[in-house]
There are 2 protein chains.
Amino acid sequence: MKLHFLTKHKQTILYGISLAVLLLLLKWLEWQLLIFHHALEIYIGAIALIFTCLGIWLALKLARPKVTTVVIEKKVPDSGDPFTINHRELEKLGLSNRELEVLQLMAAGLSNQEIAARLFVSLNTIKTHSSNLFIKMDVKRRTQAVDMARKLRIIP
Amino acid sequence: MKLHFLTKHKQTILYGISLAVLLLLLKWLEWQLLIFHHALEIYIGAIALIFTCLGIWLALKLARPKVTTVVIEKKVPDSGDPFTINHRELEKLGLSNRELEVLQLMAAGLSNQEIAARLFVSLNTIKTHSSNLFIKMDVKRRTQAVDMARKLRIIP
DNA sequence: TCTAAAATCACCCTAAAGTATGAAGACAAT
DNA sequence: ATTGTCTTCATACTTTAGGGTGATTTTAGA
């Protein structure tokens with residue numbers, strides 16, 4: 001039981017010991033201060049330095065690592081079919097017809113102005129559609145939207 | 001030049017100002033110490049606390065975030081072609097290494113600002129690279145460039 | 001060593017993209 | 001009839017992209 005406790009909390013115990021050593025060091029520094037009365041600035045500086053390092057160390061040790069999810073497409077050899085639309089992903093996004101059209105024209109490299117002309121609507125309409133589809137796809141830019149759409153096989 | 005310096009080093013300047021404020025605070029604390037002579041422990045404690053926080057803050061701000069990558073494999077029907085770079089087309093375009101890098105990051109949906117950060121160069125540099133590659137590829141926009149690059153099999 | 005291409009950066013300016021908000025008509029479902 | 005979504009459009013504003021120019025520094029080759 002005791003041994004298990006030791007092994008399990010080895011980390012914590014080590015931290016505790018380190019802290020104790022640190023406090024001893026501070027006490028020693030304080031004692032030094034009594035001898036060299038004009039070393040206050042040095043003492044303060046040392047304290048600052050030590051605790052800055054402590055803070056950095058704490059942050060690095062304890063901060064939870066950021067988790068990023070990366071979708072990697074595993075290619076599966078498949079017969080001839082070059083491209084089939086992934087209807088499941090498409091429905092999951094909830095894009096409307098018009099938004100999908102705009103997305104496809106974006107992927108072809110058209111500007112909003114050109115898309116508007118192609119679809120016989122105003123530039124503002126295209127901006128609205130694009131903004132909405134960016135929100136639905138959770139992206140910030142058209143290039144991201146196109147990239148994601150390709151990865152999800154929504155567009156060729 | 002000056003304005004750009006201000007905007008680019010805004011972060012750094014803010015850090016500097018924060019540090020200055022912190023030092024002022026310390027001076028003030030020191031002055032307090034002269035009045036309440038028995039507050040040394042409190043003073044030291046405050047220093048320790050402040051600099052621990054500073055350390056934590058520094059670490060969180062400046063340390064590159066640890067990234068744990070969670071890979072989710074996603075099966076995608078593939079036409080048996082595992083993408084081979086078309087070196088002939090690539091040479092025909094005459095893109096430089098850096099320009100190709102920028103193009104690839106564009107295709108991943110990054111903004112010029114993000115590309116600059118990724119490649120550790122300035123925004124202006126990325127703009128220059130992108131302009132040059134647009135000329136070489138004879139396109140007008142990044143979206144067109146990405147589309148053409150995919151069609152020419154220069155990027156996946 | 002000299003040179004040409006590549007890479008870097010800055011400044012100014014315009015164009016395009018994107019954000020936020022509001023609104024109105026069409027149309028299907030309840 | 002009311003509700004909700006889609007589509008359309010506008011206005012105002014901010015941010016990003018892109019064009020043009022000029023410059024310095026690296027780097028690789030003749």
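Residue numbers start from 1 in every chain, and the chains themselves are labelled A, B, ... in the order their sequence lines are given, proteins ahead of strands. Just so we're clear, the structure is a prediction, and the values are computed from it rather than from any experiment.
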**Prompt:** Should A/Arg141 be listed as having a side-chain N or O under 4.0 Å from OP1 or OP2 of C/dG18?
**Reply:** no

**Asked** Reckon A/Ser111 has a side-chain N or O less than 4.0 Å from the OP1 or OP2 of C/dA15?
**Response** no

**Complete:** When B/Ile135 and A/Leu95 are each assigned the nearest nucleotide of DNA chain D, the 5'-most assignment goes to A/Leu95

To check you understand the geometry: which heavy-atom pair defines the closest contact between [X] and [Y], and what is its length?
X: B/Glu101; Y: B/Leu119; result: OE2-CD2, 3.7 Å
X: A/Arg141; Y: B/Leu110; result: NE-C, 3.9 Å
X: A/Met106; Y: A/Phe134; result: CE-CZ, 3.8 Å
X: A/Ala145; Y: A/Leu133; result: CB-CD1, 4.2 Å

Would you kindly give the [atom1]-to-[atom2] distance between [X] and [N], to the nearest whole Å?
X: A/Met106; N: C/dA16; atom1: CE; atom2: P; answer: 15 Å
X: B/Phe120; N: C/dC9; atom1: CZ; atom2: C1'; answer: 18 Å
X: A/Asn97; N: C/dC27; atom1: CG; atom2: C1'; answer: 14 Å
X: B/Leu100; N: C/dA6; atom1: CG; atom2: C1'; answer: 14 Å
X: B/Leu123; N: C/dC12; atom1: CG; atom2: P; answer: 15 Å
X: B/Leu103; N: C/dA6; atom1: CG; atom2: P; answer: 16 Å

**Prompt:** Do A/Leu100 and A/Ile154 come within less than 4.5 Å of each other through their side chains, counting heavy atoms only?
**Reply:** yes

**Asked** Looking at side-chain heavy atoms only, is the closest gap between A/Leu103 and A/Leu95 below 4.5 Å?
**Response** yes

**Request:** Please work out if A/Asn124 contacts a base, only the sugar-phosphate, or nothing of the nucleic acid, heavy-atom cut-off 4.0 Å.
**Result:** base

**Message:** Give the residues of residues 125-134 of chain A touching DNA chain C, defined as any heavy atom closer than 4.0 Å, sorted by residue number.
**Reply:** A/Lys127, A/Ser131, A/Phe134

**Request:** Using a strict cut-off of less than 4.0 Å between a Lys/Arg side-chain nitrogen and an Asp/Glu carboxylate oxygen, indicate whether A/Lys140 and B/Glu114 qualify as a salt bridge.
**Result:** no

**Request:** At the 4.0 Å heavy-atom cut-off to chain B, mark where contacts on DNA chain D begin and end, going 5' to 3'.
**Result:** D/dA17 to D/dG19

**Item:** Pair listing, side chain to side chain donor-acceptor pair (under 3.5 Å) test, anchored in residues 127-139 of chain B, at least two apart
**Value:** B/Glu99-B/Lys136

**Prompt:** Are B/Leu152 and B/Ile155 connected, step by step, through hydrophobic side chains (Ile, Leu, Val, Met, Phe, Trp, Tyr) whose heavy atoms are closer than 4.5 Å?
**Reply:** yes

